[in-house]
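Once you've had a glance at the structure underneath, I'll fire off some questions.
Note that the coordinates shown come from a computational prediction; the quantities given were computed from them, not determined experimentally. Both counts, for ligands and for their atoms, begin at 1 and track the order of listing.
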Amino acid sequence: MVNGEWQTSDQSFAVVNPANEVAICQVAEVTVHQLEQAILSADASLAVWQQLGDAARSQCLIDWQQLMRDNLQDLARLITLEQGKPLSEAKGEIIHAANYVKLYAQLAQDCRQAISIPASEGQTAQVLRQPIGVVTAITPWNFPCAMVLRKAAAAMAAGCSVVLKPSELTPLTAMAIAHLSIQAGIPKGVFNLVVGSNAQAIGEILTQHPKVAKFSFTGSTQVGRKLLQQCAFGIKRSSMELGGNAPFIVCEDANLEQAIKGAMIAKFRNAGQTCVSANRFLLHESIADAFIRGLTQAIEQLIIGDGQNETSQIGPLINQAALDKTTDLIQQSLSLGATLIVGGKAMSGKGFFFAPSLVDKVTAQMPLFQREIFGPVVAITRFSSDQEMITLANQSEKGLCGYLYSQDQKRIQQATQQIEVGLLGINVPRLSNIHAPFGGIKQSGMGREGGHYGIEEYLTYQYVCQQNGG
Ligand code: ADP
């Protein structure tokens, strides 16, 4: 959607339902000309959007999120169709995304208030907060709604306009959201959606066009690194929300029942396809066997199936490549000495379903420890001291998220300071909070989304000093 109008082109690509491998529909490939038009119309709409005033801008966002709530069932079905997650999770994603938009509608009212600062005698000094300008963004397929809105709503609340490329694997939800933006009365050109399967070519334009002021990305570290290099040439401000490799630590004093329940959520939500998914289970050797017994029982009870069925608790992976990668990570680790307890392979029949799995005796040298799995696989490593626990937890170039289960306050305090992550859950498996700064350290990225931190990413300071009386 460019400047509020849906466009077509000579070429198209298929969007596939991962639960049955059937094409849902064909979507038109964006052309280079349309991409250019999208950026130019975003640039042209900046003045309109900013002149509307804070209250009217805020109202547009309020109306947008209300439309998402009004269309909850349809949007959820769309997410499940193209992404695979169970309907209940899809609904949760939409509500979460709508809550972000509502929060940013509220913050739009005063995020640009000028700040007076001390000045030399006879002078007045102020810090003004200006929208940075045209924002481009690329989002992934694992949260086709929330990732789009966490960026777009924050940018638009700040007074910026947006050109966004959703993942080619899940463009339909983003298209529905774009449709609702027009219904909400958001002026044409403020939110543009560009859809295409040639991510690299689109990315080059979105990161390098001279009218683009800021680029925001969520996706893999490998792609993020490339995009950051592309941004460097034009010194584009950029935010990168990249991959994780979350440790899920269970100490000897943890409440095991609580830890097992938490593990099921932190690992199997969205079939393990989230950047905050528990990736490396670090267990104190004294509780490891009991934890594995309990977790294996819970895994065996999981109901796997098409997310459209209300009973399904875990859906398919996104595509064949994801199935192959997950199988590979397990096979390579087994060949290096790990032990398979349950699962371990793709399920037979149509759809990209992978059996929920548990692999024991994983060491820091194995791919299951080193790589972000992005699949329903529990990989277990044991430790015998707090020092070893911290060393293992930090033995990753990523630093997005971590989980710690312990009942010992002193241990918790120490570990909190030592674990190198941007988000830490202590005895909780779910960290979602629209007010919190979401983002990582190390190679998990830079910048934050959520709360007022998220809006800062789209504002710039202008310091103004004026001589009084002339
Ligand atoms: P994942 O491994 O989760 O699929 P990716 O980083 O491959 O993550 O994809 C996230 C987003 O980045 C998607 O929208 C995808 O189309 C886009 N993307 C993938 N490769 C490139 C690239 N070379 N340049 C720009 N965007 C890319």
Start with the C-alpha distance between R77 and Q308, add both sets of side-chain angles, then the distance that settles side chain to side chain contact (heavy atoms under 4.5 Å, CB included), and finish with yes or no.
CA-CA 7 Å; R77 203 163 292 278; Q308 307 272 355; 3.2 Å; yes
Below 3.5 Å only, please: the N or O atoms of ligand 1 paired with protein N or O atoms, distance on each line.
residue, atom, partner, partner atom, Å
ligand 1, 4 (O), W141, NE1, 2.8
ligand 1, 6 (O), S220, N, 2.9
ligand 1, 6 (O), S220, OG, 2.7
ligand 1, 14 (O), T139, O, 2.7
ligand 1, 14 (O), K165, NZ, 3.2
ligand 1, 16 (O), K165, NZ, 2.9
ligand 1, 16 (O), E168, OE1, 2.6

Does CZ belonging to R430 count more than 12 external heavy atoms closer than 6.0 Å?
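Atom CZ in R430 is not crowded, with 12 or fewer foreign heavy atoms closer than 6.0 Å.
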Distance-only side-chain donor-acceptor flag, S197 / E168, under 3.5 Å
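Note: S197 and E168 side chains miss the donor-acceptor criterion.
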Quick one, V276 and L423 - any side-chain contact, counting heavy atoms below 4.5 Å?
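A side-chain contact exists here, since the closest heavy-atom pair is under 4.5 Å.
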Polar side chain donor-acceptor pair, T218 to K151, under 3.5 angstrom:
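There is such a pair (donor and acceptor under 3.5 Å, judged by atom type) between the side chains of T218 and K151.
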For the residue pair W141 and F374, does the interplanar ring angle fall in the parallel (under 30°), tilted (30 to 60°) or perpendicular (over 60°) class?
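It falls in the perpendicular class, over 60°.
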